[in-house]
Participant: 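I'd like to ask some things about the structure below.
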Amino acid sequence: MKEITLIPGDGIGTEVTAAVQKVLTAANQSIAWEIVNGGEGAYQATGQYIPDALLDSISTNKIAFKGPITTPIGKGFKSINVTLRQKYNTFANVRPVKSMEGIKTPFNNVDLVIIRENSEDLYCGIEHLVTEGVAESIKVITEKASLRIGEYAFQYAKKHGRNKVTSVHKANIMKISDGLFLDCIRRVAKKYPEIEYEEVIVDNMCMQLVMYPEKYDVLVLPNLYGDIVSDLAAGLVGGLGLVPGANIGEDIAIFEAVHGSAPQIAGKNEANPTACILSAAMMLDYINERSAADLIREAVAYVIREGKHTTKDIGGNATTEEMTEAICSYIRTVSINAAG
Ligand code: NAD
C-alpha cells in the first residue's frame, strides 16, 4: 500500500481533500494516508507552524497531497506553502489550464500549461524596512534555477507532445534579473529546435491571454509572474475551483490545487472539489497509475458536461459532497462495467 502524506490545510482544505480521499477510494487506489497539518491550526495544537511530524512525513513518503493553507497578510508567519516548496526544493510548479465542456466562459479552446519557477524570485522573503516609510524586497534570480526550470519546461513540452514554449518576463525593466532568466531560457531553447520558442513581456502576456488564449501552449515564468498568470488563466476556463497543480522536485512532489483556502465559503459545503481531484489525478500520473488518473479525469469531465451535480461557482447548485459523489458514482459504474 502506498503511503502518502495528506495535509488537509485550512478553510475549504478539509472539504476538498476529503473529496480527494473519496475519489481515490472509488478508483480503487489503496493509499495509506498519513494525515498531518501545518499553519495556524497546527501551531495551536503543537506550538509549531510546521510541526516536525509534517516534515518527517514528507521526507519519508516523498509524496504529499496538500490542501490550501491560509497565510496572514502583511504580518505573521512566513507562508507554509513557500517554506515547503523551498525546503523540499520542489522547483517546478506545473499547472495545466484547460477548457471544459459544460463551463460557460468566453473561451472553449484554452489548453495551456504553466510552468512556474518555484524556488526563488521575490518569494525568497528577503525584505526589510530600510528606514521609516521605505521598504525593500529582494528579487533573487539565479542561473542555476533558471536553467533548471527552462530544461523542465522544454522536457515537459517534448514528453507531452506540445509544440511551443513561451517565456514570460519583464526584462525590459529588470534587465539584470529577468534578463538572466531570459538568457537562461534562450540557452535551453537552442537545445530543442523542434519546439517553437517565443518571448512575451508579462503585461502583454496578460492581454494576449484574455484575447487569444488559444495561441499559447507551455508558458515558463519566474515565480511571481507564474503565480499571477496562473489565477488569470484559471479565470479563462471557469475559475480557481477547476485548476490543478503539482510542485515537482528531484525526488519529492507535493500536489495541490492552484486555489487558496477561500475563507468566505469555508465550512459551507460549497467549494468546487474539481481542482483538488484533478491534482490527485496528476499525483496518480506521477506514481504511474495512469489508467486510474485517466478514469478520474473522465469522471470529472462527465459530471461537469452533464451539469446536474456541479457546484455554485460553475453555475450549478450541488454541494461539494454531492459533486464528489457524482464523480465517485461515475468511476464505480465504469469500473464495474469494465470488470463484468
Ligand atoms: P482563494 O484561492 O482562496 O480564493 C479566491 C476566490 O476563488 C474566492 O472568491 C474563492 O471563494 C474562490 N475559490 C477558490 N477556490 C475555490 C473552490 N475550490 N471552489 C469555489 N470557489 C473557489 O484566494 P485568496 O482569497 O486570495 O486567499 C485566501 C487564503 O488562501 C490566503 O490566506 C492565501 O494566502 C491562501 N492561499 C493559499 C494557497 C496554497 O495553500 N497553495 C494558494 C493561494 C492562496
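These numbers come from a predicted model, not from an experiment. Indexing begins at 1, ligand by ligand and atom by atom, following the structure's order.
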Participant: Quick one: do Arg186 and Asp183 make a salt bridge, cutoff under 4.0 Å?
Facilitator: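 So Arg186 does not pair with Asp183 through a salt bridge.
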
Participant: Flag Gly260 as yes when one of its N or O atoms lies below 3.5 Å from any N or O atom of ligand 1, and as no otherwise.
Facilitator: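 Indeed, backbone or side chain, Gly260 has an N or O that close.
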
Participant: Determine whether a donor-acceptor pair (N or O, by modelled atom type, separation under 3.5 Å) exists between the side chain of Thr5 and the backbone of Ser57.
Facilitator: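 Yes, because the side chain of Thr5 sits within donor-acceptor range (under 3.5 Å) of the backbone of Ser57.
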
Participant: Taking the non-hydrogen atoms of Lys66, is any one of them nearer than 4.0 angstrom to ligand 1?
Facilitator: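 Lys66: in contact with ligand 1 (<4.0 Å).
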
Participant: Between Trp33 and Phe65, what is the ring plane arrangement, given parallel below 30°, perpendicular above 60°, and tilted in between?
Facilitator: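 If you compare the ring of Trp33 with that of Phe65, the planes turn out perpendicular.
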
Participant: Would a distance-only check, ignoring hydrogens and angles, find a side-chain to backbone donor-acceptor pair under 3.5 Å from Asp217 to Asn163?
Facilitator: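 Yes; at least one donor-acceptor contact below 3.5 Å.
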
Participant: With a 4.0 Å heavy-atom cut-off (strictly under), which part of Thr70 contacts ligand 1: side chain, backbone, both or neither?
Facilitator: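 The part of Thr70 near ligand 1 is both the backbone and the side chain.
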
Participant: Specify side chain, backbone, both or neither for Gln264, according to which of its non-hydrogen atoms lie closer than 4.0 Å to ligand 1.
Facilitator: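 Looking at Gln264 and ligand 1, just side chain atoms fall under 4.0 Å.
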
Participant: Closer than 4.0 Å to some heavy atom of Ala271 - which atoms of ligand 1 meet that?
Facilitator: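 Listed by number with element, the hits are 19 (N).
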
Participant: Looking at atom 24 (P) of ligand 1, is any protein heavy atom nearer than 4.0 Å to it?
Facilitator: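 Protein heavy atoms within 4.0 Å of atom 24 (P) of ligand 1 - there are none.
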
Participant: Taking the six-membered ring where the residue is Trp, are the ring centres of Tyr286 and Phe255 under 6.0 Å apart?
Facilitator: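 Between Phe255 and Tyr286, which both carry aromatic rings, the centre distance is below 6.0 Å.
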
Participant: Could you tell me whether Asn272 approaches ligand 1 through its side chain, its backbone, both or neither, with non-hydrogen atoms closer than 4.0 Å?
Facilitator: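 Both of them.
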
Participant: Within 45 degrees of the axis of the six-membered ring of Tyr156 and under 6.0 Å from its centre: does Lys159 put its NZ or CZ there?
Facilitator: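 Geometry flag: not set, cation outside 6.0 Å or 45°.
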
Participant: Quick check on contacts: which atoms of ligand 1 are under 4.0 angstrom from a heavy atom of Pro68?
Facilitator: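 What qualifies from ligand 1 is 39 (C), 40 (O).
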
Participant: Decide, yes or no, whether a salt bridge links Asp178 with Lys170 under the criterion of side-chain N to carboxylate O below 4.0 Å.
Facilitator: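 Not counted as a salt bridge, because no side-chain N and carboxylate O are separated by less than 4.0 Å.
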
Participant: Nearest to atom 14 (C) of ligand 1, what protein heavy atom do you find, and at what distance?
Facilitator: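 Going atom by atom, the protein heavy atom closest to atom 14 (C) of ligand 1 ends up being His259 CB, 3.7 Å.
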
Participant: So which protein heavy atom does atom 40 (O) of ligand 1 come closest to, and at what separation?
Facilitator: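 For atom 40 (O) of ligand 1, the nearest protein heavy atom is Ile69 N, 2.8 Å.
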
Participant: Would you mind finding which of Ile265, Thr71, Asp313 brings a heavy atom closest to atom 22 (C) of ligand 1?
Facilitator: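 Checking each option, the heavy atom nearest atom 22 (C) of ligand 1 is found in Ile265.
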
Participant: Between the main-chain N or O of Pro51 and the side-chain N or O of Thr46, is there a donor-acceptor pair closer than 3.5 Å?
Facilitator: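 Not confirmed, Thr46 side chain does not pair with Pro51 backbone.
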
Participant: Evaluating non-hydrogen atoms only, which member of Ser79, Pro263, Ala234 is closest to atom 28 (C) of ligand 1?
Facilitator: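 Shortest heavy-atom distance from atom 28 (C) of ligand 1: Pro263.
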
Participant: Report yes or no: do Ile252 and Ile4 belong to one cluster of Ile/Leu/Val/Met/Phe/Trp/Tyr joined by side chain heavy-atom distances under 4.5 Å?
Facilitator: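 No, Ile252 and Ile4 fall in different hydrophobic clusters.
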
Participant: Can a protein heavy atom be found under 4.0 Å away from atom 36 (N) of ligand 1?
Facilitator: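 Protein heavy atom within 4.0 Å of atom 36 (N) of ligand 1: present.
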
Participant: Does Glu256 approach ligand 1 within less than 4.0 angstrom via side chain, backbone, both or neither, non-hydrogen atoms only?
Facilitator: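 Within the 4.0 Å criterion, Glu256 contacts ligand 1 through side-chain atoms alone.
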
Participant: Give yes or no for whether the N/O distance cutoff of 3.5 Å, strictly under, is met between Ala262 and ligand 1.
Facilitator: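 By distance alone, the answer is yes.
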
Participant: Is it true that a side-chain atom of Asn223 and a backbone atom of Asp121 form a donor plus acceptor pair closer than 3.5 Å?
Facilitator: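 The answer is no, because no donor-acceptor pair under 3.5 Å joins these two groups.
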
Participant: Specify whether the nearest protein heavy atom to atom 12 (C) of ligand 1 is under 4.0 angstrom away.
Facilitator: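 Under the 4.0 Å cut-off, atom 12 (C) of ligand 1 has no protein heavy-atom neighbours at all.
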
Participant: For ligand 1, is there an atom lying under 4.0 Å from some heavy atom of Val258?
Facilitator: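 Within the 4.0 Å threshold, so yes.
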
Participant: Between His128 and Val130 (side chain of the first, backbone of the second, donor and acceptor by atom type, cut-off under 3.5 Å), is there such a pair?
Facilitator: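 Pair absent, no side-chain N/O of His128 close to backbone of Val130.
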
Participant: Check each heavy atom of Asn81 against ligand 1 and say whether those closer than 4.0 Å belong to the side chain, the backbone, both or neither.
Facilitator: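 Only the side chain of Asn81 comes within reach of ligand 1.
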
Participant: Examine ligand 1 and decide if any of its atoms is less than 4.0 Å from a heavy atom belonging to Ala275.
Facilitator: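 Checking ligand 1 against Ala275, which is what was asked, there is no heavy-atom contact under 4.0 Å.
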
Participant: Roughly how far, to the nearest 0.5 Å, is CG of Leu84 from CG of Leu55?
Facilitator: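 If we round to the nearest 0.5 Å, Leu55:CG and Leu84:CG are 7.0 Å apart.
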
Participant: If you have a sec, work out which protein heavy atom is nearest atom 7 (O) of ligand 1 and how many Å separate them, to one decimal?
Facilitator: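 Heavy-atom neighbour on the protein nearest atom 7 (O) of ligand 1: Leu240 CD1, 3.7 Å.
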
Participant: Does NZ or CZ of Arg162 come closer than 6.0 Å to the centre of the six-membered ring of Tyr197, within 45° of the ring's axis?
Facilitator: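 Checked: cation-pi criterion not met.
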
Participant: Please report which non-hydrogen protein atom sits nearest to atom 30 (O) of ligand 1, along with the residue it belongs to and the distance in Å to one decimal place.
Facilitator: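 The answer is Ser261 N, 3.0 Å.
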
Participant: Is it the side chain (CB and beyond), the backbone, both or neither of Cys276 that lies under 4.0 Å from ligand 1, heavy atoms counted?
Facilitator: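 For Cys276, there is no contact with ligand 1 at all, from either part.
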
